[in-house]
Amino acid sequence: GQQLNQSPQSMFIQEGEDVSMNCTSSSIFNTWLWYKQEPGEGPVLLIALYKAGELTSNGRLTAQFGITRKDSFLNISASIPSDVGIYFCAGHFTGNQFYFGTGTSLTVIP
Amino acid sequence: GAGVSQSPSNKVTEKGKDVELRCDPISGHTALYWYRQSLGQGLEFLIYFQGNSAPDKSGLPSDRFSAERTGGSVSTLTIQRTQQEDSAVYLCASSLTKGNYGYTFGSGTRLTVV
């Protein structure tokens with residue numbers, strides 16, 4: 001199956017700092033998604049990317065679809081305590097499923 | 001309902017017993033997915049339903065796992081003769097159409113096999 005490597009695995013940052021995480025794939029994708037999961041909840045879609053090079057923002061979040069189609073990054077600016085959670089990337093090429101990364105756990109220290 | 005509903009939210013079962021997990025997708029969503037999330041791992045695809053088409057069962061880890069979707073709405077994931085390695089969070093998601101529009105996930109069922 002597709003291999004998605006997500007880094008870093010965990011981050012501990014001070015409130016107000018910017019955050020950057022990325023996801024790389026062994027194969028090309030046509031769609032990249034970024035999700036956030038809080039304890040006891042299912043993942044919630046943050047940003048969807050459909051075209052190589054696409055840069056999309058959602059509030060303080062910005063994500064880009066890498067030009068090689070094998071990577072994507074997510075940035076969070078001016079972090080706040082409610083940004084805490086696990087962030088997952090997911091990619092799709094063909095077929096019925098998205099392939100998920102192993103997640104980046106974010107802790108924001110007030 | 002407004003979101004994807006899963007029940008039960010937690011299930012503890014003895015090894016060897018069968019369990020049924022239920023998913024109520026968002027009304028009108030034709031695509032329904034089951035994923036499994038083990039501790040510290042990403043989400044593992046299990047099965048996909050799209051309308052009246054035959055389901056994609058390619059992710060089911062063994063023949064102890066099965067799922068059905070009745071009337072194009074509610075889905076049940078059944079695990080027979082549960083094993084300890086089946087312990088995980090089972091997530092259901094639905095989307096309006098097949099493919100690349102992202103899913104809406106339920107809160108999951110945490111299954112613990114003792």
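Every chain is numbered from 1, with letters handed out A, B, ... down the list of sequences.
- Within 6.0 Å of CG on B:L39 lie no more than 12 heavy atoms contributed by other residues, nucleotides or ligands.
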Set out, in order, the CA-CA distance, both residues' side-chain angles and the distance that settles ring-ring contact (aromatic ring centres under 6.0 Å, His included) for A:F100 and B:Y35, then state yes or no. CA-CA 10 Å; A:F100 283 79; B:Y35 277 81; 5.2 Å; yes
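- Put simply, the side chain of B:Y33 never gets that close to the backbone of A:F98: no donor and acceptor are under 3.5 Å apart.
- Residue A:M11 is grouped with residue A:L46 when hydrophobic side chains (ILVMFWY) are merged at heavy-atom distances under 4.5 angstrom, including chains of intermediate members.
- No other option in A:Q97, A:E41, A:Q37 has as many heavy-atom pairs under 4.5 Å with chain B as A:Q97.
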Decide yes or no on side-chain contact (heavy atoms from CB on, under 4.5 Å) for B:F45 and A:Y99, but give the supporting numbers first. CA-CA 8 Å; B:F45 169 75; A:Y99 296 90; over 6 Å; no
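- No single ILVMFWY cluster, assembled from side-chain heavy atoms under 4.5 Å apart, contains both A:F73 and A:W32.
- For residues 105-114 of chain B, the interface with chain A (any heavy-atom pair closer than 4.5 Å) comprises B:F105, B:G106, B:S107, sorted by residue number.
- Between A:L4 atom CG and B:L43 atom CG the span is 11.5 Å, to the nearest 0.5 Å.
- With a 6.0 Å radius and a threshold of 12 heavy atoms from other residues, nucleotides or ligands, B:Q83 has its CD atom above the threshold.
- Neither the backbone nor the side chain of A:Q6 comes within less than 4.5 Å of any heavy atom in chain B.
- B:I26 is not connected to B:L32 by any chain of hydrophobic side-chain contacts under 4.5 Å among Ile, Leu, Val, Met, Phe, Trp and Tyr, and they are in different clusters.
- Of all heavy-atom pairs spanning A:G42 and B:L91, the tightest one is CA-CD2, 4.0 Å.
- With hydrophobic clusters built from ILVMFWY side chains whose heavy atoms lie under 4.5 angstrom apart, A:M21 shares a cluster with A:L61.
- Other residues, nucleotides and ligands place no more than 12 heavy atoms under 6.0 Å from the CD atom of B:E14.
- Criterion: ILVMFWY side-chain heavy atoms under 4.5 Å apart, direct or through other members. Under it, B:L46 and B:V89 are not part of a common hydrophobic cluster.
- Only the side chain of B:Q37 has a heavy atom closer than 4.5 Å to any heavy atom of chain A.
- Among the residues in residues 103-110 of chain A, none has a non-hydrogen atom closer than 4.5 angstrom to a non-hydrogen atom of chain B.
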